[in-house]
Amino acid sequence: MDLLQVENLSFQYPNCADKSLNGVSFTVKSGDFIVVCGETGCGKTTLLRLLKPELSPAGERSGVIYFQGINQVELDERISAFDIGFVMQKPENQIVTDKVWHELAFGLENMGLPTSVIRRRVSEMSSYFGIEDWFLRDVNQLSGGQKQLLNLAAVMVMQPKLLILDEPTSQLDPIAASDFIATLQKLNRELSLTIILVEHRLEEVLPIADKVLVMKSGMVTHYDTPKMVAGSLEKNDPMSYAMPCAVRLYHQLDRTETCPLTVKEGRRFIEENFNSTIKNLAPTHYTHRKTAALELKDVWFRYQKDLPDVLRGTSLTVYENETVCILGGNASGKTTVLGVASGLLRPYDGRVNIFGKKITSYKNGELYKNNLALLPQDVQTVFLKNTVREDLEEISGDFSSIPYDISAYLDRHPYDLSGGEQQLCALAKILMLKPRLLMLDEPTKGIDAYAKQKIMRILHDLKETGMTVVMVTHDVEFAASCADRCAMFFCGEITSCDVPSLFFSENNFYTTAANRMTRYIYNNIVTAEDAALICKLNGDRPCQKKSLNIY
């Protein structure tokens, strides 16, 4: 049975020349798990919001949406509110109460259910999601992963028939993201819950999906099973960069066998088709400069006197003209490290040096004059004007220092842009400050894989000009491809720091799909490009002819 039907849906925002959606049509059967993907700004979020009437944006719309066979415009408000659940990208934007227990009960209270029913449902859902240990806590004490899990539980307690999620893992560390996706799979499998998920991280969600809907410029280009979509994409299609590592490896090697999708299938694909005589690629020796751009020496910091320390003897040296990525769990203190390193937070012990000079010695704003700049995690805080152009002109009328094209966004309001487009424009504004030391907090959040390739090239070009980059990220694939060194932050300090090939090869969870796929076959392989290269160097395995058993 079709739970959802979308027929020739088009949508155009006010004062925009182009349509955000153009003739979108697809159907979703009850119990389906649908993954929606596409380049930044292709219309994914607009589509999801149109599926939830309460969140529909203002603009010119045509086409029809049917939910359970009923035209959406005729849908009962109660059914629309409670049968269609929605989990947003930013968990803070969805939480409306101050206590975990009240957040879980809030939707049920609005449904007008008896107290006994509310208590029973909340108890059951808390147990299912493992919320009991923090059931009585304030929501502002939760980590990002816990907040997102709370949002999901608060929606699920209302027993929706359709669950819509807009990039729910974009702010989660790799382990929390895997746990969240596993929970969605469990809900789909055990409750036959229909799920529509927009996601840029396709490594784990594509294998569990029933169908994949690929969008480009407001239109649907593919709508089929993950295997069919992965195998049909052209090698140079921007969406091929977003595919799981096994798919990217398959396309880079120009194979004709069935396209592998998972790490397990990719490993078998390598073992069955390629030799393993050559175990290692030629080592790339990294040598940093002698002068330091940033030095943290035994730094201690807490937000309030009666709160525990967030930084506990943190020490890190970043040398001039290198890119260092800091990884770690949600709420571990990574953003705090950048706050202290950029002078926004003052530690109560330890020392911070910027280009060999104590950070407290910089006076009259000279620390930030063509010297240091920070792009915060919430890039909306960077925008202060009604258009992107006005925001940039606040820094300078000369846009030549922006190393990529954002002309399509200049005359739009920053808040009308997609998350990825906001990220690109915010980075452009920061780069106009011409810093020597650039700090980035989750710069790939909300950005599609093709745009990440663009960011990667931008950072490479900035490094060529002599810039130093310190980046906090959850994106291990991005860090493996662009960092000179990667550092692990845990329990208030940097516990390890090494080049990506060694850093990721020795991790089990904070590592890349390429490493998990090639481990024990080859050594120190951390990117799909590395995997493709070593497979080519080893060459094809000879065909294995089956012997006949004549006895």
Side-chain angles (χ1 to χ4, degrees), residues 33-37 40 44-45 87-94 129-131 142-153 155-156 163-189 195-209 212 226 241-246 261-263 325-335 377 419-420 423 441-449 451-452 471-481 486 488-490 504 507-517 526:
F33 193 127
I34 309 297
V35 171
V36 182
C37 57
T40 299
K44 303 184 298 297
T45 296
V87 176
M88 298 180 180
Q89 181 179 9
K90 295 182 180 180
E92 294 83 3
N93 289 354
Q94 193 160 353
F129 282 95
I131 289 174
L142 304 182
S143 69
Q146 289 173 324
K147 287 178 180 177
Q148 199 63 295
L149 193 64
L150 175 60
N151 280 338
L152 177 58
V155 169
M156 286 306 302
L163 177 63
I164 301 171
L165 305 101
D166 188 9
E167 294 185 50
T169 69
S170 65
Q171 299 189 54
L172 305 185
D173 65 73
I175 296 174
S178 294
D179 290 343
F180 191 90
I181 291 167
T183 300
L184 294 181
Q185 184 182 17
K186 186 178 179 182
L187 291 170
N188 176 251
R189 183 182 64 243
I195 295 176
I196 300 178
L197 169 70
V198 163
E199 187 56 81
H200 285 311
R201 292 179 175 182
L202 300 183
E203 190 71 49
E204 293 179 77
V205 300
L206 220 61
I208 64 175
V212 180
Y241 293 100
M243 289 293 111
C245 182
L261 196 62
T262 65
V263 167
C325 288
I326 302 174
L327 300 100
N330 283 101
S332 62
K334 303 182 302 299
T335 295
Q377 187 174 138
Q423 200 81 18
D441 195 355
E442 295 290 348
T444 62
K445 175 169 58 68
I447 289 183
D448 66 84
K452 287 180 188 178
M471 183 192 320
V472 162
T473 184
H474 289 314
D475 193 335
V476 294
E477 307 282 347
F478 187 78
S481 297
C486 293
M488 175 65 78
F489 190 85
F490 174 75
F504 291 111
N507 292 339
N508 286 314
F509 302 104
Y510 277 86
T511 190
T512 63
N515 184 257
R516 293 196 299 270
M517 195 165 58
V526 296

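Two residues are said to be in side-chain contact when any heavy atoms from C-beta on lie closer than 4.5 Å; V263 and E203 meet this criterion. Contact check for T511 versus V526: no side-chain heavy atoms found under the 4.5 Å cut-off. By the 4.5 Å heavy-atom criterion applied to side chains, E204 and S178 are counted as neighbours. The side-chain heavy atoms of I181 and R201, taken from C-beta on, include no pair separated by under 4.5 Å. Side-chain contact between F33 and L187 is absent, with no heavy atoms from C-beta onward closer than 4.5 Å. Looking only at side-chain heavy atoms (C-beta outward), S332 and F490 stay at 4.5 Å or farther from each other. K452 is listed as a side-chain neighbour of D475, based on a closest heavy-atom distance under 4.5 Å.
Between the side chain of N151 and the backbone N or O of V87, no donor-acceptor pair lies under 3.5 Å. Listed for the K334 side chain is a donor-acceptor partner under 3.5 Å among the backbone atoms of G329. Side-chain N or O atoms of Q148 include one that pairs as donor or acceptor with a backbone N or O of P168 at under 3.5 Å. Of the possible donor and acceptor atoms, one in the side chain of T512 sits under 3.5 Å from a partner among the backbone N and O of N515.
Y241 is linked by a ring pair (Phe, Tyr, Trp, His ring centres under 6.0 Å) to Y450, counting only residues two or more places apart in sequence or in another chain. Residues passing the side-chain hydrogen bond (donor to acceptor under 3.5 Å, both in side chains) test with D173: none are found, sequence neighbours excluded. For N93, there are no side-chain hydrogen bond (donor to acceptor under 3.5 Å, both in side chains) partners at least two apart in sequence or on another chain.
Residue L206 comes nearest to M243 through the heavy atom pair CD2-SD, 3.8 Å, listed as atom of the first residue, atom of the second, then distance. Residues L165 and L152 come closest through the heavy atom pair CD2-CD1, 4.4 Å. The two residues R516 and F509 have their closest heavy-atom pair at NH1-O, 4.5 Å. Here the shortest heavy-atom pairing between Y510 and M488 reads CG-CE, 3.6 Å. Closest heavy-atom contact between E199 and C37: O-CB, 3.9 Å. When all heavy atoms of C486 and F504 are compared, the closest pair comes out as SG-CE1, 3.7 Å.
The CD1 atom of I326 lies 9.5 Å from the OG1 atom of T335; values are rounded to the nearest 0.5 Å. Atoms CG and CG, from N188 and L163 in turn, are 10.0 Å apart once rounded to the nearest 0.5 Å. The distance from atom CD of E167 to atom CG of D448, rounded to the nearest 0.5 Å, is 9.0 Å. With rounding to the nearest 0.5 Å, the separation of NZ in K186 from CD1 in I208 is 13.5 Å. Rounded to the nearest 0.5 angstrom, D166 CG and M88 CE are separated by 9.0 Å. Taking CG of L172 as the start and OG1 of T169 as the end, the distance is 6.0 Å to the nearest 0.5 Å.
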_For a side chain to side chain contact (heavy atoms under 4.5 Å, CB included) check, start with the C-alpha distance between E442 and T473, then their side-chain angles and the critical distance, and finish with the verdict._
CA-CA 5 Å; E442 295 290 348; T473 184; 4.1 Å; yes
